[in-house]
Amino acid sequence: MLMSITVPLCLMLYAGNQQFSSNTEETYRKAVDQQHDHIVAGLQQELRFIAEMTHRHAEDYGLISYAKLQDPGAQTAKELSAYANNVLAEYTIHNPIVEQVCLTIRATNRTLCEHNGEVEGTLAATAETVNKRFQPLGEGFSRNNAYLMTYSESMTDTSSMQELGKITIWLNMNKVWKEFGQFGLKGAPHAYLLIDSDKRELYREGVYSGDFQGSTIGTSLTGHPEAVIRSVKQIDVIEGASWLSYYEAPLPVSSIQAFPHYRAWLMTMIALVVALSIGGLLLFIGSVTKPLDALKALMNRAERGDLRAYWTIRGSSEWTQVGHSYNQMLNRLEELIKQVKREEASKKEAEIEALHYQLNPHFLYNTLNTIKWVAKLHKTPQISEVVSALVRLLQASLGKKGDFISLRDEIRLTHDYMEIQRFRYGDRIQIVMEADEITLGCLVPRMLLQPLVENAIIHGIGPAKREGIITIRTWLDRDLLFCQVEDNGVGMQVEEGSSGWKAMHAAGGTQADRMLKERMSGVGISHIREKIKLIYGPEYKMHISSKLGEGTTIRMFLPIHQGEE
């Protein structure tokens, strides 16, 4: 993968470098031209600003009034002198490229000057100047190797049109260059030359290698190996004067020139990448592919049933962790298989046991049928009726007609059970049915009410030694079927806030607690409760409420299942 990515990348770099080299000259030529335009625009802006400010001061009313004074000692002369000094000082403060500004009074031959605080002393104020023209100063008038230039404008009395004096400004071209010429193309050693219309040198920066005498306006490129870009532009100054601006910058060294053996270096790098890729591939095969093949073989053995195909290969920590997880998976799988086998064995035993339980009712059912016919032959109808009711109950318990019956049939089975109990208790126990007609078609689990009635008789009414009433109520509320069995037996003590089930299973030492445990320990109620939970889920339950000496109420709520009528 490394080779497939790196080799095309190197080739793309080589092709891109060739294309880049072909476009470098044109791109850099445009950059030099833009930089030169920036310098020219900055110079023109500063020169025009200097001329405009000089003209504004030459027409200043306060300075003109100061130039007209005849008596320098008068109070007015002092105020105007202070005003003139303040105006000139502000001009030098707000214009850092101005070295000095002077006001020369022609009538009295007085000169008032303000100079920049960066330079000690004043410049020669007697320099020859030309009105409204920028004039370069020779070496005799400059200092600190600075290129200085003056600009002056006459102050004229508008009433007499006589010249009162001059405003002269000394301009530092070195500061102008620092403000406009040193930005852009950073790092490139460039040269600059500014020539006025009289071929006088106004400013020079660096060493200009070209022949500025014969240069034409435009941007040109010399040949290699000393490739430089030269740009010549014209600067339009005031009063129609024009200067020439020369800018020179070396062409950046291309990658091929910087690296003479670039192609050989690139091919060597590609060969190195190929070698590294092959080595990495071999390393990958040794550390990943071989352990992966071994793991695949072990998994195939496990798939064929060999759960002892454990990982025993020693390798890196990552593969050791994978092997450990694989071994744990085999152990867990073996445990699950053993558990399934145990569950299947238990299920088989339960089926055998259920078959035995089923054989016993069959045997009892056949025996009772024999007793019933014997009772009829001996003309004992009560025994025959009781046996017939018991046979119907046994038929229902066998479940040949399914696990669910209608509530109507379930009530009939309850009546059959009461026929049997009436043979024992006589009329001491009465059963009251308050079943809503709409509930009789609902399907309920087989033998749902009979165990509850049996529990009420044996553990509720039987110990009470009085006449008992068992009331069965059924009704619908929302989407639920409610079935309730209540008796007026001995009842049991249930603490406030607790349920009947807690009271039924509570272990106590009192006689009432022992009676409660004995009464509610029958298989019937627990069987019904577990049947409801298994068939309908834990959200459908059975509630028990009871009061000692008053009786017990058992209420069930079930989903509504309508049967076919």
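The structure displayed is predicted, hence computed values, not measured ones.
Formation of a donor-acceptor pair under 3.5 Å by the S546 side chain with backbone atoms of G551 is found in this model. Between the side chain of Y326 and the backbone N or O of L298 there is at least one donor-acceptor pair closer than 3.5 Å. In this structure, the side chain of Q450 does not engage the main chain of Y417 through any donor-acceptor pair within 3.5 Å. Counting only distance, with no hydrogens or angles, the side chain of D306 and the backbone of R301 share no donor-acceptor pair below 3.5 Å.
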Stepwise side-chain contact (heavy atoms from CB on, under 4.5 Å) test for T414 and M433: CA-CA 10 Å; T414 305; M433 290 291 177; 4.3 Å; yes
Stepwise side chain to side chain donor-acceptor pair (under 3.5 Å) check, Y310 with N331: CA-CA 9 Å; Y310 290 118; N331 293 332; 2.7 Å; yes
Trace of the side chain to side chain donor-acceptor pair (under 3.5 Å) decision for T439 with D436: CA-CA 5 Å; T439 64; D436 194 343; 5.6 Å; no
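Listed by chain and residue number, Q484 satisfy the side chain to side chain donor-acceptor pair (under 3.5 Å) test with R555 (two or more places apart in sequence, or in another chain). Shown here are the salt bridge (Lys or Arg N to Asp or Glu O under 4.0 Å) partners of E539, two or more places apart in sequence or in another chain: there are none.
You'll find the side chain of E46 stays beyond 4.5 Å of the side chain of L43, heavy atoms only. The side-chain heavy atoms of I39 and W177, taken from C-beta on, include a pair separated by under 4.5 Å. Within the 4.5 Å cutoff, the side chain of V40 has heavy atoms near those of the H36 side chain. By the 4.5 Å heavy-atom criterion applied to side chains, S231 and K233 are counted as neighbours. Side-chain contact check for L481 versus V444: some heavy-atom pair is nearer than 4.5 Å.
Residues E344 and K341 are not paired through a salt bridge, judged by the lack of any N-O separation under 4.0 Å between the basic side chain and the carboxylate. With salt bridges taken as basic N to acidic carboxylate O contacts below 4.0 Å, none links E335 and K338.
The two residues A309 and A302 have their closest heavy-atom pair at CB-N, 4.4 Å.
In this model, a donor atom of one side chain and an acceptor atom of the other lie less than 3.5 Å apart for Q328 and H324.
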